[in-house]
Structure formats: structure tokens, C-alpha cells
**Student:** 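Attaching a single structure in C-alpha cells format; questions to follow.
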Amino acid sequence: MDAEPLALGYVGCGFMAQQVHLPNLSSIPGSRLTTLAEARPLLARQVAARYGIRKVYSSHTELAHDPEVQAVGVSAGYAQQGEIAADLLRAGKHVLVEKPMAVSVRQAERILEAAREGGSKLMVAYMKRYDPGNLLAHDLVSEWLRTGEMGRVVYARSHGFCGDWLYGMDRARMITTGEPAPPAPLREHLPGWLPEEHQEGYVGYLQQYTHNLNLLRWLLGVEDEAGVRAVDLDPDGVTGV
């Protein structure tokens, strides 16, 4: 309790940043949200004013060189956020990044190498591990596995019923300025084998189903053994098997 408050930074002022991460990070006891990086200057200033953030940078690389900042949250395009996280990790900042952590094995390996190089820690925002229903399921399945009461697990089936995940959210307070977001390169970070016509669907699949695989690994206690064997998606790239 006598330790200095943790100095936090954040990269991005988009929907998830304003609606979820910035309000929560600004209210955590024992920490201070001191720094914001955002390429849209007017948006950056207005969001910083709302949360009392003292320092504003136009890029994450500037934030990465700020000696005061110890940990950083990142919200950006699904392909770009991994590159941002790697730069911050390499600079010695601990990072919380939205899922998916990466859009290819190659990118994931670069991110992990950056964490080793900077001696920093990466956390992926798998918030569904903290959902009360999932915590209850985890305790129940763990007990089954411990006692063998239900026999050996031979098959697991996961459904992703998204529903109205924005229900009750007050979007009226969302700050918008009309400034265009900077372009985020996609192709260079995707797997080389991926045909161009499937790029959008592939990234949508990762963004949605990474939760399913993460929960499967957690619920069954197979963090390193579980993986995807086959995917049969519908034309929308999000629904399917």
C-alpha cells in the first residue's frame, strides 16, 4: 500500500477505449492514468480533458519513450495493435492489448520476442475468464476433472452467442470529431497463404472465435495442448463451424 501509484498510458481513443478501457483504468486504485497517444489531435485533446490525462502524444512511439509510463493499454486495428504492442514491450512497458493478440504466427512471435527483449509482460484482454457464469463453469468442470465423476473428456463443443453486447451502454457520451483515423496496414501482417478475398473474414473470425478457444483451454486446463483443427465458415466469415 506504500508503493507509488502505477503510471498508466493508453494508445487509441476509439470506441473500446472510450466506452470500456479509459473509464475503468482511470478508476483503478493504486494507479494514475497519466498519458494518452492518439493520432487525431482534436480527439486526443478532448478525451484527455475528460479523464484528466496530463500528457498527450501523437504516436505510440513517443509514448514508448516516456520514462514515467510503466504500463500501457492498446486499442487499435486488429492487425496494427500487435505491432504497437511490440514497440511498447520492446521499450520495457507492460502491455494490455485487445484480442486477437496477433493475426499470424509470424506476428505473434515478433511480439513475444519484443517482450523478452524489453523484459516486460503482455496481457491479452480475455475478459470472459472473469465473467461470473464462466467462473462458475470453471469451478464445476475443474471438480469433474479432479474426481473423474463425469468420465474422460473426449469432446467439447463451443457456441458463441453474441447477442446485443452493447445493451444498456450509454453511447451518447462518445466523443467524435470527424477527424479521419490514420490508415492501418493489414496485408503485410497477415499469413502469406491467405487469399486476398478472405482477408476481412479471416480477421473477423480471429476477433470473434479467439474467445471460444481461450475459454476451451481455460475450462479444460489444457493451456498448451488445445488448438484449431478445422474451420468451416459461412460466407459472412463470422458464423460457421
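Every value quoted in this text rests on a predicted model; they were computed, and no experiment measured them.
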**Student:** I need the R32 CZ to E68 CD distance, nearest 0.5 Å.
**Tutor:**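 R32 atom CZ to E68 atom CD measures 5.0 Å (nearest 0.5 Å).
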**Student:** Tell me whether E62 is salt-bridged to K55, with the criterion being a basic N under 4.0 Å from an acidic carboxylate O.
**Tutor:** no
**Student:** Can you confirm whether N214 sits close enough to R129 that some side-chain heavy atom of one is under 4.5 Å from a side-chain heavy atom of the other?
**Tutor:** yes
**Student:** Do the non-hydrogen side-chain atoms of I53 and Y10 ever get within less than 4.5 Å of each other?
**Tutor:**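 The answer is no, as the side chains (C-beta and beyond) never meet within the 4.5 Å cut-off.
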**Student:** Using side-chain heavy atoms (C-beta onward) and a distance below 4.5 Å, is V56 in contact with E38?
**Tutor:** no
**Student:** Checking the side chain of Q81 only, and the main-chain atoms of E98 only, is there a donor and an acceptor separated by less than 3.5 Å?
**Tutor:**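 Yes.
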**Student:** Identify the two heavy atoms, one from A79 and one from P185, that lie closest to each other, and give their separation to 0.1 Å.
**Tutor:** CB-O, 3.9 Å
**Student:** Find out whether H94 and M123 are in side-chain contact, i.e. whether some heavy atom of one side chain is under 4.5 Å from a heavy atom of the other.
**Tutor:**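 H94 vs M123: side chains apart.
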**Student:** Is there a side chain to side chain contact (heavy atoms under 4.5 Å, CB included) between L194 and R187? Walk through the geometry before answering.
**Tutor:** CA-CA 9 Å; L194 183 66; R187 174 71 261 182; 4.3 Å; yes
**Student:** Counting only N and O atoms by type, is there a donor-acceptor contact under 3.5 Å from the side chain of E179 to the main-chain atoms of L43?
**Tutor:**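 Yes; judged by distance alone, with no hydrogens or angles, the pair exists.
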**Student:** Let me check something: do Y126 and L219 share a hydrophobic cluster, defined by ILVMFWY side-chain heavy atoms less than 4.5 Å apart, either directly or through other members?
**Tutor:** no
**Student:** Given 3.5 Å as the limit, does a donor-acceptor pair link the side chain of T34 with the main chain of L8, or not?
**Tutor:** yes
**Student:** Just do the side chain to side chain contact (heavy atoms under 4.5 Å, CB included) check on E109 and V105 with the steps written out, would you?
**Tutor:** CA-CA 6 Å; E109 289 174 342; V105 173; 3.7 Å; yes
**Student:** For F15 and L166: C-alpha separation, side-chain torsions, deciding distance, then whether side chain to side chain contact (heavy atoms under 4.5 Å, CB included) applies.
**Tutor:** CA-CA 11 Å; F15 180 84; L166 300 177; 3.6 Å; yes
**Student:** What is the distance from atom NE2 of H65 to atom CG of L88, rounded to the nearest 0.5 Å?
**Tutor:**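 Between H65 NE2 and L88 CG, I get 10.0 Å after rounding to 0.5 Å.
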**Student:** Shortest non-hydrogen contact from S59 to A37?
**Tutor:** O-CB, 3.7 Å
**Student:** Yes or no on side chain to side chain contact (heavy atoms under 4.5 Å, CB included) for L25 and I28, after CA distance, side-chain angles and deciding distance?
**Tutor:** CA-CA 5 Å; L25 290 175; I28 295 175; 3.8 Å; yes
**Student:** How about E197: does its CD atom have over 12 heavy atoms from other parts shown lying under 6.0 Å from it?
**Tutor:** yes
**Student:** State whether R110 and E113 are salt-bridged, where the test is any N-O pair (Lys NZ or Arg NE/NH1/NH2 against Asp/Glu carboxylate O) under 4.0 Å.
**Tutor:** no
**Student:** If I take atom CD1 from residue I111 and atom CZ from residue R90, how far apart are they, to the nearest 0.5 angstrom?
**Tutor:** 10.0 Å
**Student:** Would the distance check show the side chain of R106 and the main-chain N or O of L190 forming a donor-acceptor pair, the cut-off being under 3.5 Å?
**Tutor:**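 It does hold such a pair.
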**Student:** Calculate, to the nearest 0.5 Å, the distance between atoms CG and NZ belonging to D66 and K93 respectively.
**Tutor:**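 Spacing of CG (D66) from NZ (K93) equals 6.0 Å.
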**Student:** Tell me whether the count of non-hydrogen atoms from other residues, nucleotides or ligands lying under 6.0 Å of CZ in R173 goes above 12.
**Tutor:** no
**Student:** Would you call the rings of Y202 and W193 parallel, tilted or perpendicular if under 30° counts as parallel and over 60° as perpendicular?
**Tutor:** perpendicular
**Student:** Do V95 and S120 come within less than 4.5 Å of each other through their side chains, counting heavy atoms only?
**Tutor:** no
**Student:** Of the non-hydrogen atoms in A39 and P182, which two are nearest, and what is the gap between them?
**Tutor:** CB-CG, 3.7 Å
**Student:** Other residues, nucleotides and ligands only: do more than 12 of their heavy atoms fall within 6.0 Å of OH on Y78?
**Tutor:** no
**Student:** Could you tell me the separation between the OH atom of Y209 and the CG atom of L216, rounded to the nearest 0.5 Å?
**Tutor:** 14.0 Å
**Student:** Just by distance, do the side chain of Q107 and the backbone of V103 share a donor-acceptor pair under 3.5 Å?
**Tutor:**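 Answer holds: yes.
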**Student:** In terms of side-chain heavy atoms, does Q207 have a donor or acceptor partner in K99 at a distance below 3.5 Å?
**Tutor:** yes
**Student:** Hey, what do you get for CG (L140) to OG (S142), rounding to the nearest 0.5 Å?
**Tutor:** 8.5 Å
**Student:** Taking all non-hydrogen atoms of both residues, which atom of D87 and which atom of A64 are closest, and how far apart?
**Tutor:** O-CB, 4.4 Å
